[in-house]
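See structure below.
Quick caveat, the model's predicted, so the values are computed rather than measured. Residue numbering restarts at 1 for every chain, and letters A, B, ... go by the order of the sequence lines.
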Amino acid sequence: MNYRKEKAKNIMNNRAKIRIAIRNFFKSQGRIIFVIFIIWLIVFLINQYLKSIPKEIQMSNTYTPDSPIMDETDSISKSDAKKINELIKTYITYCNNKDYDNAYNLISTSCKKYVYNDNEENFKSYVDSLFPEERKYYTQNYSNVDGIYVYILTLTDDIESTGTTGGYYSYSERIAVFNEGDDIKLSNNNFIISKDLNISKEDDYIKVEITSKDIGYDKVGYNLKITNKTADGYVLISDATYAKEVSLIVGNQERGAENLDNAKFFVSPGETEEMSFIFTKYFDETTDESVLQLNDVRILKSMITTDSYSDAISVYSFNINL
Amino acid sequence: MEKTKSDSEKLKKILRIILLVIAILIIIVLIVLIRINKSKNTTKVQEASTTNEEIEKQNENAITTKITNMSEEDRVESYVGQFISQIESQDYESAYNTLNENFKNNYFKTLDDFKNYAENKYPSNPSLTYESVKRMGEVYLVQAKINDVINSDFTEFTQRFVVRENGANDYVISFQAE
């Protein structure tokens, strides 16, 4: 009997101890448990809510007109993309409506000069050739370098209305959009921008000044002023005897000038002549030009010669760092 | 003083427990409500599935879901495929209704005009071989070769389709009407 009483007492004591232990645990940790529980509750409710929202259909789509194809170039902010797209839309609308003046006003200063010779009639002819009827268009950002955004602009006829019955028209060119002062302008016809350069170098025979360069999407043209310092010698820069009489160093490549065929580039004694040399150079190439090389400068007594190299008083190369 | 302090602490504890219990009750009620809402929708779906219209709707939903998960090129090809299938099954009205409005005005002012064209142009059992899918801005230009799977005398031809996708299985077509 006493044993049973003792056993019951022990059981009650143990239960009391357990209850006390649990109570003490919650006393000491209760606050933390409460906070964790509330956090879990919030997460749970948010999860339930999100599950109940109908899922938006996301289909795969490769058309990203404002993402550059050349991934390694800069990306465009949404606000810039909006401005650029509005400019292009306005330009196309003007061209479709044959509003030449307003369309011409959107063209950059250097494009007007280099492409259209500062003559709006030339621009009109260009517009008329591309817009004989209303055109639809679409664009794709190609590359972005130093605040100049290059897009591929494609003009088509209204293929949705025609279904391409009888064929269809499609024409693409690169345009460039950039800030010119406070305005945003565009260059077209694969031209980008012109930059002034004040680089000069001279020796006993010649003084060469590189005044500017004209940058197209895939070409660059250097504009030179060459002065013949001699009193009685002719300076022959190129007569197309060899392919790389004038060349451009880009990285580890030597690129020959592409406009040397069938032409003589020379300067008479005491005279100054302007010359331009055009090279292949892509606007978004990561390597810059480093040296313009006049590889075979010939000093001649007369321009009447059968072999300008053997008749020359002096033949040397003249390199200008860019 | 000490007794008052002790009473105050006890009261705080009781309040905390009450708050905890209320929070638990709210959770339980919310879970129950969400579950009830879900089961109601399931019941609705089960009830609706007994009608033919709803069966058709379910089929459409199934097609839409399938199309949504396709690649861009496959989607566009499926739209052209659907268009030709509608012509094959002589559902000219459905095919006509997918045409671009300007295109209709230019080439098929009435459904009969379209029907006459389709009957003369397309084979009874058409097969499509897609040669190219080209994106042109917001539309696609699809070029496909069309032949007859049964009639070997049929002269196959190539046709271009212009497709604008407005959404999953929501498209407008025009085509080379020659």
*For B:N102 and A:S161, work out which heavy atoms get closest and say how close.*
CB-OG, 3.2 Å
*Within a strict 4.5 Å, meaning less than it, do heavy atoms of the A:Y168 and B:Q176 side chains meet?*
no
_Contact origin within A:Y137 toward chain B - heavy atom pairs under 4.5 Å_ = neither
_What I'd like to find out is whether the side chain of A:Y138 reaches to under 4.5 Å of the side chain of B:E138, using heavy atoms alone._
no
_Ignoring hydrogens and geometry beyond distance, is a side-chain donor-acceptor pair present between B:R75 and A:N61 at under 3.5 Å?_
no
*asked:* At a 4.5 Å cut-off on heavy atoms, which part of B:K104 comes close to chain A: side chain, backbone, both, or neither?
replied: neither
*Shortest non-hydrogen separation from A:T165 to B:F103 and the atoms involved*: OG1-CE1, 4.4 Å
_Structural part of B:Y107 lying under 4.5 Å from a heavy atom of chain A_ = side chain
*For the atom pair CZ (A:F44) and CG (B:L30), what is the distance rounded to the nearest 0.5 Å?*
9.0 Å
*asked:* Under 4.5 Å from any heavy atom of chain A, what part of B:L20 do you find: side chain, backbone, both or neither?
replied: both
_chain A contact via B:E101 - side chain, backbone, both or neither, heavy atoms under 4.5 Å_ = neither
*Where does A:F34 contact chain B at under 4.5 Å (heavy atoms): side chain, backbone, both or neither?*
side chain
*Relative to chain B, which segment of A:T164 carries a heavy atom at a distance below 4.5 Å: side chain, backbone, both, or neither?*
both
_Proximal component of A:T139, with respect to chain B [non-hydrogen, under 4.5 Å]_ = neither
*Would you find a donor on one side and an acceptor on the other, under 3.5 Å apart, between the side chain of A:E160 and the backbone of B:N100?*
no
_Taking side chain as everything from C-beta outward and backbone as N, CA, C, O, which of these in A:F37 sits under 4.5 Å from a heavy atom of chain B? Side chain, backbone, both or neither._
side chain
*4.5 Å side-chain heavy-atom contact, A:K136 and B:M136*: no
